[in-house]
Amino acid sequence: MSITFGNTLLSIVATALTYLFGLRIYRKSNQKSWLNPLYTVTLLLFLLLPFLHMDVKSYEKGSKIFSLLLQTGIVSLAIPIYKQFPLIRKNIKKITVGIVSDGMAGIASSVAFAFLLGLKGEVVASLLPKTATLPVALSVSSSLGGTAPLTILFVLISALFSLIVGPHVLDGCNIKSKTARGLAMGISAQALGANRSFQWGEEEGVMGSVGMTTTAILVSVTIPMGMLFIAYL
């Protein structure tokens, strides 16, 4: 009991301190996308755990509270969505077309990438749900036989790439629509994209949240059904 409590306390303290340090770096860098705390803190924890004599499984058990907080934070995005519901209803056709096309394109790109590199088994299962937000991606990956570390890696790489490149692509294509910009970032960069969208404005943020949540639903339904269909054939 005391060992479990000690691991939990150490995991929480280590995560909190590294996050504060990562956040400080992020702010001092004028909020450069590639220095987002999500990535710097992950790297810092990776380097720190051996010095704490703690293995990954012990850390995962001790830091479960952060997974709960992450899920709660995602659910809380429903508040601005509710406030902007008339706007969503007004643009429902654009939203539907954008989410379905972008979501399917994300899944198709994963399949093409796996085919070109000759990936198989648990690697493909971990790669397929990369367009969904992390909790959903982990759930889908697990149901397909994927592994959590690979799934996390693919989701983070996908989100970081979209977070860095996405705004430049939108500006380069002269896309000014708040709806389009928010949806694009939420669909491609998940929670990070939704967060970036809120920095642009509430309307963009709401659309980013809609894009993130509905893409997660699309992925969680489409991929398992597709795998069942392939297995049936």
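Along the sequence shown, the residues carry numbers beginning at 1.
L150 contributes atom CG, which lies 9.5 Å from atom CG of L127 (distance to the nearest 0.5 angstrom). Distance OG1/T40 to OH/Y26: 10.0 Å, rounded to 0.5 Å. Taken from CE in M212 to CG in L183, the straight-line distance is 12.0 Å, to the nearest 0.5 Å. Here the straight-line distance linking atom OG of S209 with atom CZ of F198 works out to 3.5 Å at 0.5 Å rounding. Atom-to-atom distance recorded for R196:CZ and I164:CD1 is 9.5 Å, nearest 0.5 angstrom. Distance check: L218 CG to T131 OG1 gives 7.5 Å after rounding to the nearest 0.5 Å.
At least one donor-acceptor pair under 3.5 Å links the side chain of T213 to the backbone N or O of V210. Remark: side-chain polar atoms of S162 are not paired, donor with acceptor, to backbone N or O of A159 under 3.5 angstrom. Judged by distance alone, the side chain of E203 and the main-chain N or O of G201 form no donor-acceptor pair under 3.5 Å. Remark: side-chain polar atoms of T18 are paired, donor with acceptor, to backbone N or O of A14 under 3.5 angstrom.
Residue K130 comes nearest to S109 through the heavy atom pair NZ-OG, 3.6 Å, listed as atom of the first residue, atom of the second, then distance. Across all their heavy atoms, T215 and G211 have their closest contact at OG1-O, 2.6 Å. Closest of all the heavy-atom pairs between G146 and S126 is CA-OG, 3.4 Å. Contact between S143 and V140 at its shortest, heavy atoms only, is OG-O, 2.6 Å. What you find for L170 and A184 is that their closest heavy atoms are CD2-CB, 4.1 Å. The shortest heavy-atom contact between V155 and A137 is CG2-CB, 3.7 Å.
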| request: For the pair K178 and S197, evaluate side chain to side chain contact (heavy atoms under 4.5 Å, CB included) and give the outcome as yes or no after the intermediate values. | output: CA-CA 9 Å; K178 295 180 179 181; S197 299; over 6 Å; no
| Going through the checks in order, is the side chain to side chain contact (heavy atoms under 4.5 Å, CB included) test met by I92 and R89? | CA-CA 5 Å; I92 190 64; R89 184 169 56 188; 5.6 Å; no
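Within the 4.5 Å cutoff, the side chain of L163 has heavy atoms near those of the M185 side chain. Contact of the F154 side chain with the V123 side chain is registered, since non-hydrogen atoms from C-beta on lie closer than 4.5 Å.
A salt bridge between R181 and D171 is present, with a side-chain N of the basic residue lying under 4.0 Å from a carboxylate O of the acidic one.
The hydrophobic cluster containing I175 also contains W200, counting ILVMFWY residues as joined when their side-chain heavy atoms lie under 4.5 angstrom apart, directly or transitively.
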